[in-house]
Amino acid sequence: MSQGTESVTNQTPISKQLRDMFLLLKPHRLQYVFALFLRLMANVFYTALVLIIGKFVDTLMSPAENPQTHFFVLKLIAVITLQMLCTYYGMTQGAVVGEKIDRSLRNLFFDRTQRLSMAFHAESNTGDLIQRATSDIDEGRRFFADHLTGIARVVFQYTTNIYALWRINPTIALISLIVGPIILWFAIFTLKKVNWVYEEYQNREALITSDVQENLTGIRVIKAFNRQEYEYAKFRGLLEDKYKSGYGVVIAETVFWGGTDVLCSIQILVSLIFGGTLAIRGEISVGDFIAAMACVNLIVWPIRTMGQLIVRASRAMVSMQRVITVIEKTEEPLDEGDLVPPSTPPLGKIEFQNVTFAYPGNEPILKNITFTVEAGQTVGILGLTGSGKTTLFNLLLRYYDCQEGQIRLDGVDLARIPRSYLRREIAVVDQEPFLFGRTITENIALGTERPVDREEIEAAAQIAAVHDAVSEFENGYETMVGERGVTLSGGQKQRLTIARALLRDPQIILFDDATSAIDATTENRINEALARSTKKKTILSVTHRVQSVFSADLILVMKNGRLIQQGTHQTLARTPGLYQDMVNIQAQIENELADELTRERQE
């Protein structure tokens, strides 16, 4: 498992697991107690039914008594009706409480994952989180709806029927007590074996969920590289590991069921022989013998079920602890901070002063970075892959905080500005555009916190040079975008995300290689429209195209986490270094392409 969602159930005391579980029950405790009361009363009526039948048999066999059959029948009908009603309403109310806990827990889990830090999500396995949000929470629902009430019912039924047996014959009652502790000890022994095996089984299932999610997400890559057989073989390996874990769970449970079957059968046989002997001797009546054997069954088999419930409840506790470990993680403090820039929206002056940063568990990705972006400037950021360009944006949005140095916005230390303020005033267009399975209108309006009309949406789309393409769709802006935007080209998706950022009208806009899938002509149109519409806005743009930064007010050139050059195009193009090399290489490529086109025309 990844570090972000690493399982800690084995290190969590059972007392804490139970406490966490019952805290979830607290808002619904009265309804749950009522449901439990009804289920227990159903057991009382069931035991009463057995005793009435025994009494009825004795009445029939006694020549001295005049059996009032209709009286017994009415009593049986009344008790059966009460038992049925208590069972029905008790199960219904318990199920309702289970569903309420399921709903609130899913809401809480989803909300918490939305509010956890980027560091958590970077370290977490998506498939594992999905597993916890679905099947693990469902196990928790079954714990409250079935397992917990079942355990209480068995304990109560055991006590009730032992008392009934004691009233019939104390010796039979004592004999019936023998198997109970043995089965419970066997159940606890099995529980210890099953717990860690089942957690491993859940972890394996999470890996399978993650693998399926990744394969469906990257199906184009799989098809493009003809990797179907490889992925299938890998998936079969994961299934084999899950099968082995599941086999361990099955073996442990099978040993329990087989062992308890033998114990219960021996108990019933001993009670039957002893009770039959007493009946033959006349020490108990035939009716009492029948009632006693029924009570023995109501003691022995529920105790066996108790073991099953304990095992299943323990599995539910494992699942719930997997959920609770995520819920207990500290949320990202969005509103933590005591200062904001003097003006709102901010002017947009950005200062990096000797900034050094490393992702958790890694070497520094940024080393002693220092530069200043004046308010309203357009800044181009170039550099080799892995040089730390995107990390600059992560620090500006406070997805992470730098370990050394200082970042300032309009003269205010970024660490003192609430994250919610920064993410409201800074818009980002990511390198990998993500669109939801909603309409184009909804995707563009996603980043706004106010109602927007169609004219604003279309104006943003025109600046992003995507309006004409959208207008050609049959449903226009109401076109449903496929999952992850698969119904659109890469360039169209990038332009829609640009429109989404522009609609927010932020003072600072970050473009993380946001035009990589857009042709040069369209990119020029977008840049010209941006220049007209974003005057006085601060724009930082990561790019690999040198021509995209020719008109920038400031160019930052990075290499191996260091800022090695900064200046304007005119200055850097005349200065020996990486930027000049990039300009020369791109010019050489363009010249070669031009020569090739000239030769083709001549031929």
Side-chain angles (χ1 to χ4, degrees), residues 37 39-87 150-187 257 259-309:
F37 171 77
R39 297 298 300 276
L40 298 183
M41 289 305 299
N43 287 342
V44 171
F45 290 125
Y46 197 84
T47 301
L49 179 65
V50 168
L51 297 178
I52 291 171
I53 292 174
K55 182 65 176 175
F56 183 50
V57 170
D58 284 342
T59 303
L60 290 174
M61 296 186 66
S62 175
E65 295 186 24
N66 182 23
Q68 299 177 339
T69 306
H70 65 279
F71 174 73
F72 280 105
V73 170
L74 290 175
K75 286 179 68 176
L76 289 174
I77 292 174
V79 170
I80 290 172
T81 301
L82 290 172
Q83 193 266 342
M84 179 185 67
L85 290 174
C86 286
T87 299
I151 291 172
R153 283 179 55 243
V154 168
V155 172
F156 187 76
Q157 186 172 351
Y158 184 82
T159 306
T160 303
N161 285 278
I162 284 292
Y163 174 74
L165 269 177
W166 188 269
R167 294 290 301 271
I168 294 171
N169 186 280
T171 307
I172 299 178
L174 291 173
I175 291 175
S176 300
L177 288 172
I178 296 173
V179 76
I182 299 175
I183 293 178
L184 286 177
W185 172 84
F186 197 31
W257 290 122
T260 53
D261 276 346
V262 172
L263 291 172
C264 290
S265 298
I266 293 174
Q267 174 69 76
I268 291 173
L269 180 61
V270 171
S271 299
L272 182 63
I273 294 172
F274 184 78
T277 302
L278 293 179
I280 292 171
R281 292 176 180 175
E283 296 183 24
I284 61 173
S285 67
V286 174
D288 284 343
F289 171 72
I290 293 173
M293 291 305 99
C295 287
V296 169
N297 274 281
L298 291 176
I299 291 172
V300 172
W301 295 113
I303 282 293
R304 177 180 182 269
T305 304
M306 179 73 158
Q308 175 197 33
L309 290 170

Reported [atom1]-to-[atom2] distance for the pair [X] and [Y], which is rounded to 0.5 angstrom:
X: Tyr46; Y: Arg153; atom1: OH; atom2: CZ; answer: 11.0 Å
X: Thr47; Y: Phe156; atom1: OG1; atom2: CZ; answer: 8.0 Å
X: Thr277; Y: Glu283; atom1: OG1; atom2: CD; answer: 9.5 Å
X: Thr81; Y: Leu85; atom1: OG1; atom2: CG; answer: 6.5 Å
X: Ile77; Y: Lys75; atom1: CD1; atom2: NZ; answer: 13.0 Å

(request) Go through the structure and list residues passing side chain to side chain contact (heavy atoms under 4.5 Å, CB included) with Ile280, not counting sequence neighbours. (result)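 Side chain to side chain contact (heavy atoms under 4.5 Å, CB included) check on Ile280 returns nothing, list empty.
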(message) Is there a side-chain contact between Phe45 and Ile80 in this structure, where contact means two heavy atoms from C-beta onward sitting under 4.5 Å apart?
(response) no
For a quick test of your reading: what N or O donor-acceptor pairs under 3.5 Å do the side chains of residues 165-174 make, sequence neighbours left out?
unit_1: Arg167; atom_1: NH1; unit_2: Tyr163; atom_2: OH; d: 3.0
unit_1: Asn169; atom_1: OD1; unit_2: Thr171; atom_2: N; d: 3.0
unit_1: Asn169; atom_1: OD1; unit_2: Ile172; atom_2: N; d: 3.2

(request) Please report the closest heavy-atom contact between Thr87 and Arg39, naming both atoms and the distance. (result)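 Reported closest heavy-atom pair: O-CD, 4.1 Å.
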Which pairs would a plain distance check flag for residues 286-299, meaning a side-chain donor or acceptor within less than 3.5 Å of a matching protein atom at least two apart in sequence or in another chain?
unit_1: Asp288; atom_1: OD2; unit_2: Ser285; atom_2: OG; d: 3.3
unit_1: Asn297; atom_1: OD1; unit_2: Trp301; atom_2: NE1; d: 3.1
unit_1: Asn297; atom_1: ND2; unit_2: Met293; atom_2: O; d: 3.0

(request) Evaluate whether atom OH of Tyr158 has more than 12 neighbouring non-hydrogen atoms of other residues, nucleotides or ligands under 6.0 angstrom away. (result)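 More than 12 within 6.0 Å, yes.
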